[in-house]
Amino acid sequence: MTSRLDRIAQQRRQKLDRIRGRGINPYPKYHRGHTTQQAIALLKQQEASDAAETPVVNLAGRVMASRLMGKISFLDIRDGSGKIQLYFRSDLLGQDDLKLLKDIDIGDIIGVSGKLFRTKSGEPTLEVKDLTLLAKSLQPLPEKWHGLSDIDKRYRQRYLDLIANTEAKEIFHVRSQVITAIRQFLNGRGFIEVETPVLQPSAGGALARPFITHHHALDQDFYLRIAPELHLKRLIIGGFDKVYELGRIFRNEGISTKHNPEFTMLESYETYADYNDVMAMVEKMVAEISQQVLGKDEVEFGGNTINLKPPWSRLELRQAIKEYSGIDFDQYPDADSLRAEMEKKNMEVDPQKDRGRLIDELISTFVEPNLIQPTFLLDYPVEMSPLAKSKPDNERLVERFEAFAGGMEIANAFTELNDPIEQRQRFLRQQKERQTEDETVETVDEDFLLALEYGMPPTGGLGVGIDRLVMLLTGQQSIREVILFPQLKEKP
RNA sequence: GGGCCGCUAGCUCAAUUGGAAGAGCAGCUGACUCUUAAUCAGCCGGUUACAGGUUCGAGUCCUGUGCGGCUCACCA
């Protein structure tokens, strides 16, 4: 870039050349004996046991700080488990190691061996006898105290963010543990994990604009999945009782603090369950995960304390909208009348929107921001939910819920529609309603309908946005903070 | 895609009304045998995102472009 960066990089390259000139391989193989965390545990163990022997270990990690004091030096190294201080004494090191030490920079990866002890101030420290350079770093690290705060750089060079900002790294630890906990929870209830196609001939199971790609050998366009739903249902038809998939899905829509074009979704399907069973499972699962990963069932999010302990509030969608917007959608059976009522409330309403989308707008405008504590909204209009089964006593509503917390939708579930004739009609109706719009309309998935005709048992299905769940559990307001490499525009 | 805001040294940030582009960290040289944001002395480091414009003079004002953030739209 500028001559400045070149200068620092150049200095480091000169050091690299010097090191090579002494016959040292700056990128050798190496086996470490302990992590820094294990080493500290070992030291404590030795101290507790009164053993006279000082533990000798070899460790490896990235140099994070150096405090050179003439004949002695202190370096801090960090590995995946933590960090530890190193103590170098010129009278303990060989000539070669002393020379090498002079060419070690912050950022280098080194291996060290020696004995563990505590300094006068009580800091666990390794007194180094042997030093090995494991990887010379040619680029300067971000500032040690303030870390890296340039958001653009944090996302584009996430590795620097992870090196410089321990809080950022911790979020991804939590994310990993959340996903592990979900698997344990579901496996423990008899679910089996499956994998279904990401490349699909038609993108079904939701209505979103898909990414399109092309398979050369087949000379056929494929869509990246926008949901795994229709394939998981095929597996239910095939006789699996409980299945789930944790995977990436792709939606070619706008990017925001709550949306990334590719995100992680959990979908689960359980035969002979309905949406009430699924509701009970969701609140239990989230509370247990939080307890297991964070050791608590309350989280801080956006200035609120959110209590995840079951039971969560249950609120009929119609009542919720009535309460927060003053509109009772039951009194407006078609899009035109509902739109007119919304316009009375000074809302700017897209005349293209059908009744389902209008109701969705009422939810996101009036209801969702108010649902801070975990809440299930129940019983959605059928036109918003083409894959859900109608309520036994009301053909206009389906057995569906969405779960909200922190003003975010985190889950969506329903008693699955398993009537193939009805399902076909729903698809056709949806197709008709969307035909006027410029967006690509989902084609009727004949292959799925054929599968349904063989008979799908009554089933409860669930979708959970994993990224948003992790946002909730880690208190992050932007989805980019919980996705390691969020989508950004390429820099020219 | 619209609106608002941002972009200054490798990193974190200053720069008064438009009047000499600065500091800390990092780096380099030196001193220092228990430091831990080590300390001390000295030094190096800039096409102020990019391209134009206004002006005696632009980091600062104007126009455009790029990228980012927030937000609206979009997203059942």
Side-chain angles (χ1 to χ4, degrees), chain A residues 1-12 14-15 64-76 83-92 105-107 117-125 127 138-157 160 163-165 205-210 226-227 251-261 263 348 350 352-361 363-365 380-388 398 400 402 409 412 426 430 433-434 437-439 442 477-478 480 486 488-492:
Chain A
M1 213 194 296
T2 63
S3 60
R4 180 57 206 277
L5 175 61
D6 289 345
R7 195 177 59 96
I8 291 182
Q10 263 169 23
Q11 284 170 346
R12 292 201 172 195
Q14 282 165 13
K15 290 180 184 175
M64 297 305 294
S66 68
R67 296 175 292 282
L68 312 181
M69 307 184 58
K71 293 195 175 65
I72 66 167
S73 304
F74 293 92
L75 266 58
D76 295 334
K83 65 188 232 182
I84 194 166
Q85 179 172 258
L86 308 178
Y87 173 54
F88 294 82
R89 291 174 48 155
S90 49
D91 56 355
L92 269 180
D105 286 301
I106 289 172
F117 74 107
R118 275 186 200 272
T119 61
K120 283 173 188 165
S121 56
E123 178 85 10
T125 302
E127 187 181 79
L138 300 176
Q139 297 288 342
L141 290 181
E143 209 247 3
K144 64 182 168 187
W145 188 241
H146 300 91
L148 182 66
S149 56
D150 182 304
I151 292 179
D152 190 36
K153 205 167 191 99
R154 286 185 52 231
Y155 296 157
R156 288 184 199 277
Q157 293 180 274
L160 292 181
I163 290 170
N165 303 321
L207 205 69
R209 183 188 296 200
I226 57 174
R251 295 186 181 176
N252 203 342
E253 309 282 1
I255 296 175
S256 79
T257 48
K258 294 189 175 70
H259 300 84
N260 196 60
F263 61 103
E348 280 179 35
D350 184 347
Q352 295 273 300
K353 281 187 174 175
D354 57 44
R355 184 166 179 267
R357 289 202 194 186
L358 291 176
I359 292 173
D360 195 51
E361 187 167 333
I363 298 172
S364 51
T365 306
Y380 282 61
V382 62
E383 51 271 66
M384 294 177 71
S385 321
L387 299 162
V398 295
R400 172 182 178 187
E402 288 186 307
E409 179 198 336
N412 177 27
R426 298 262 196 102
Q430 176 183 284
E433 273 166 5
R434 308 279 169 172
E437 298 167 28
D438 42 46
E439 303 289 318
E442 184 186 15
Q477 299 294 312
S478 168
R480 298 182 197 94
L488 296 177
K489 195 160 180 174
E490 191 181 21
K491 282 227 163 161

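Numbered from 1 within each chain, the chains take letters A, B, ... in sequence-line order.
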Participant: When you measure from the side-chain N and O atoms of A/R156 to the phosphate of B/G68, is any distance below 4.0 Å, counting only OP1 and OP2?
Facilitator: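 Checking A/R156 against B/G68: at least one side-chain N or O falls below 4.0 Å of OP1 or OP2.
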
Participant: Which nucleotide in the list B/G68, B/U33, B/C28 gets nearest to the side chain of A/K489?
Facilitator: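 Side chain of A/K489 sits closest to B/G68.
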
Participant: Nearest heavy atom decides the nucleotide; on that basis, is A/N412 or A/D91 closer to the 5' end of RNA chain B?
Facilitator: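 So the residue in question is A/D91.
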
Participant: Reckon A/T257 has a side-chain N or O less than 4.0 Å from the OP1 or OP2 of B/U71?
Facilitator: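 For B/U71, OP1 or OP2 has a side-chain N or O of A/T257 closer than 4.0 Å.
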
Participant: Specify the closest pair of heavy atoms between A/R67 and A/Q85, including all atoms of both residues, with the distance to one decimal.
Facilitator: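 Answer, listing the atom of A/R67 first, then A/Q85: NH2-OE1, 2.8 Å.
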
Participant: At what distance, to the nearest 0.5 angstrom, does CG of A/L86 lie from CG of A/D76?
Facilitator: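 That separation rounds to 7.5 Å.
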
Participant: Take atom C1' in B/U8 and the same atom in B/G24, then report the distance between them in whole Å.
Facilitator: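 Roughly 15 Å separates the two C1' atoms.
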
Participant: Can you identify which nucleotide, out of B/C34, B/A37, B/C11, has its nearest atom closest to the A/L148 side chain?
Facilitator: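 Minimum distance to the A/L148 side chain belongs to B/C11.
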
Participant: Write down the distance between CD (A/E490) and P (B/G68), rounded to a whole number of angstrom.
Facilitator: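 Taking CD of A/E490 and P of B/G68, I get 11 Å after rounding.
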
Participant: Tell me whether the OP1 or OP2 atom of B/C70 has a side-chain N or O from A/R480 closer than 4.0 Å.
Facilitator: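 Answer yes for this pair, as a side-chain N or O of A/R480 is under 4.0 Å from OP1 or OP2.
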
Participant: Please state how far atom CG in A/L92 lies from atom P in B/C34, giving the value in whole angstrom units.
Facilitator: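 Checked: the CG to P distance equals 15 Å.
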
Participant: Nearest to the side chain of A/Q85, which nucleotide is it out of B/G10, B/U35, B/G69?
Facilitator: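 So the nucleotide nearest the side chain must be B/U35.
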
Participant: Say you pick atom C1' in B/A15 and the same atom in B/A23; how far apart are they, in whole Å?
Facilitator: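 After rounding to an integer number of Å, I get 11 Å for this pair.
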
Participant: Is there a side-chain contact between A/K258 and the phosphate of B/C74, meaning an N or O under 4.0 Å from OP1 or OP2?
Facilitator: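 False: A/K258 side-chain N/O out of range (4.0 Å or more) of B/C74 OP1/OP2.
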
Participant: Please state whether the phosphate of B/U12, meaning OP1 or OP2, lies under 4.0 angstrom from any side-chain nitrogen or oxygen of A/S149.
Facilitator: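 Checking B/U12 against A/S149, a side-chain N or O does come within under 4.0 Å of OP1 or OP2.
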
Participant: Out of B/U33, B/C34, B/C11, which has the shortest distance to the side chain of A/F74?
Facilitator: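 Shortest atom-to-atom distance from the side chain points to B/C34.
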
Participant: Please report the distance, rounded to the nearest Å, between CZ in A/R89 and P in B/U35.
Facilitator: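 Rounding to the nearest Å, CZ of A/R89 and P of B/U35 are 15 Å apart.
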
Participant: Measuring only the C1' atom in each nucleotide, how far is B/C61 from B/U17? A whole number of Å is fine.
Facilitator: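 Those two atoms are separated by 12 Å.
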
Participant: Hey, what do you get for CG (A/L148) to CD1 (A/I163), rounding to the nearest 0.5 Å?
Facilitator: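 One gets 10.0 Å once the value is rounded to the nearest 0.5 Å.
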
Participant: Using only atom types and a distance under 3.5 Å, with no angle test, would you say the side chain of A/R209 pairs donor to acceptor with the backbone of A/E253?
Facilitator: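 The answer is no, because no donor-acceptor pair under 3.5 Å joins these two groups.
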
Participant: Among B/C32, B/G45, B/C70, find the nucleotide with the atom closest to the side chain of A/S478.
Facilitator: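 Between B/C32, B/G45, B/C70, the one nearest the side chain of A/S478 would be B/C70.
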
Participant: For A/P386 and A/Q430, which heavy atoms make the closest approach, and how far apart are they?
Facilitator: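 So the two residues come closest at CG-OE1, 3.0 Å.
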
Participant: Can you check the distance between B/U71 and B/G59, where both ends of the measurement are the P atom (answer in whole Å)?
Facilitator: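 Looking at atom P only, B/U71 and B/G59 are 33 Å apart.
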
Participant: Work out how far the C1' atom of B/G66 is from that of B/A51, and round it to whole angstrom.
Facilitator: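 Roughly 11 Å separates the two C1' atoms.
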
Participant: What is the nucleic acid contact for A/Y87, judged by heavy atoms within less than 4.0 Å: base, sugar-phosphate only, or nothing?
Facilitator: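 Contact class for A/Y87: base.
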
Participant: Which of these nucleotides, B/C34, B/G10, B/G69, is closest to any side-chain atom of A/M69?
Facilitator: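 Taking heavy atoms from C-beta onward, the closest nucleotide is B/C34.
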
Participant: Side chain of A/H146 only, please: which of B/C75, B/U12, B/A38 is the nearest?
Facilitator: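 Shortest atom-to-atom distance from the side chain points to B/U12.
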
Participant: Does A/R357 make a side-chain N or O approach to OP1 or OP2 of B/C75 shorter than 4.0 Å?
Facilitator: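 Indeed, a polar side-chain atom of A/R357 lies that close.
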
Participant: Is A/R7 side chain donor-acceptor paired with the B/C44 base, going by distance under 3.5 Å alone?
Facilitator: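 In this structure, the two groups form a donor-acceptor pair.
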
Participant: Pairs counted only when both distances fall under 3.5 Å, Watson-Crick or G-U: show me the 5' to 3' dot-bracket for RNA chain B, [ ] for pseudoknotted crossings and | for other-strand partners.
Facilitator: (((((((..((((.....[..)))).(((((.......))))).....(((((..]....))))))))))))....

Participant: Between B/U71 atom C1' and A/H259 atom NE2, what is the distance in whole Å?
Facilitator: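 Spelled out: NE2 on A/H259 to C1' on B/U71 is 14 Å.
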
Participant: So, taking the atom named CD in A/E127 and the one named OG1 in A/T119, what distance separates them when rounded to the nearest 0.5 Å?
Facilitator: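 Answer for the CD-OG1 pair, A/E127 versus A/T119, is 12.0 Å.
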
Participant: Just verifying a value: how many Å separate A/K144 NZ and A/I106 CD1, rounded to the nearest 0.5 Å?
Facilitator: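 Result: 6.5 Å between the selected atoms.
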
Participant: Between B/C50 and B/U60, how far apart are the P atoms? Round to whole Å, please.
Facilitator: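 Looking at atom P only, B/U60 and B/C50 are 11 Å apart.
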
Participant: Output yes when at least one side-chain N/O atom of A/R67 is less than 4.0 Å from OP1 or OP2 of B/C34, else no.
Facilitator: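 Checking B/C34 against A/R67, no side-chain N or O comes under 4.0 Å of OP1 or OP2.
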
Participant: A/D152 has an atom CG; how far is it from atom P of B/U12, in whole Å?
Facilitator: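 The distance from CG of A/D152 to P of B/U12 comes to 11 Å, rounded to the nearest Å.
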
Participant: If we take the P atom in both B/C72 and B/G10, what is their distance in whole Å?
Facilitator: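 Going atom to atom, P in each nucleotide, I get 36 Å.
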
Participant: What does A/K83 touch in the nucleic acid at a heavy-atom separation under 4.0 angstrom: a base, only the sugar-phosphate, or nothing?
Facilitator: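 Touches nothing.
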
Participant: Can you tell me if A/Q157 uses its side chain to pair, donor with acceptor, with the backbone of A/L160 under 3.5 Å?
Facilitator: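 Here the side-chain-to-backbone pair does not exist.
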
Participant: Rounded to the Å, how far apart are A/E253 CD and B/C75 C1'?
Facilitator: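 My rounded result for the distance is 4 Å.
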
Participant: For the OG1 atom of A/T125 and the CG atom of A/L75, what is their distance to the nearest 0.5 Å?
Facilitator: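 A/T125 atom OG1 to A/L75 atom CG measures 11.5 Å (nearest 0.5 Å).
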
Participant: Look at the side chain of A/E143 and decide which nucleotide, out of B/A38, B/U12, B/C28, has an atom nearest to it.
Facilitator: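 Between B/A38, B/U12, B/C28, the one nearest the side chain of A/E143 would be B/U12.
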
Participant: If I take atom NZ in residue A/K71 and atom P in nucleotide B/A38, what distance separates them, rounded to the nearest angstrom?
Facilitator: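 The answer, rounded to whole Å, is 22 Å.
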
Participant: Collect all protein-nucleotide pairs involving nucleotides 5-8 of chain B in which both atoms are nitrogen or oxygen and the distance is under 3.5 Å.
Facilitator:
none

Participant: Taking the P atom in each of B/G57 and B/A21, what is the distance between them to the nearest angstrom?
Facilitator: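 About 14 Å, rounded to a whole number of Å.
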
Participant: Both A/W145 and A/S256 contact RNA chain B. Taking the nearest nucleotide for each, which residue is further toward the 5' end?
Facilitator: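 Final value for this comparison: A/W145.
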
Participant: Please identify each residue that fulfils salt bridge (charged side-chain N to carboxylate O under 4.0 Å, His left out) with A/K15, with sequence neighbours left out.
Facilitator: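 A/D105.
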
Participant: Looking at B/G24, I'd like to know if its phosphate oxygens (OP1 or OP2) sit under 4.0 Å from a side-chain N or O belonging to A/K144.
Facilitator: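 False: A/K144 side-chain N/O out of range (4.0 Å or more) of B/G24 OP1/OP2.
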
Participant: Once you round it to whole Å, what is the distance between P of B/A38 and CZ of A/F88?
Facilitator: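 Taking CZ of A/F88 and P of B/A38, I get 16 Å after rounding.
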
Participant: Measure from the side-chain N and O atoms of A/R480 to the backbone N and O of A/I151, and report whether any donor-acceptor pair falls under 3.5 Å.
Facilitator: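 No, A/R480 side chain to A/I151 backbone: no donor-acceptor pair under 3.5 Å.
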
Participant: Measure from the side-chain heavy atoms of A/I72 and tell me the nearest of B/C11, B/C75, B/C34.
Facilitator: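 Per side-chain heavy atoms of A/I72, the pick is B/C34.
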
Participant: Choose from B/U33, B/C74, B/G69 the nucleotide whose nearest atom is closest to any side-chain atom of A/D350.
Facilitator: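 Among B/U33, B/C74, B/G69, the one nearest the side chain of A/D350 is B/C74.
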
Participant: Do you know which two heavy atoms are closest between A/I226 and A/R251, and how far apart they sit?
Facilitator: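 Closest pair (atom of A/I226, atom of A/R251, distance): O-NH2, 2.9 Å.
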
Participant: Heavy atoms only, 4.0 Å cut-off, all strands: where does A/L488 land among base, sugar-phosphate and nothing?
Facilitator: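 Answer is sugar-phosphate: A/L488 comes under 4.0 Å of backbone atoms only.
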
Participant: Atom CZ of A/R357 and atom CD1 of A/I359: how far apart are they, to the nearest 0.5 Å?
Facilitator: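 The CZ atom of A/R357 sits 13.0 Å away from the CD1 atom of A/I359.
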
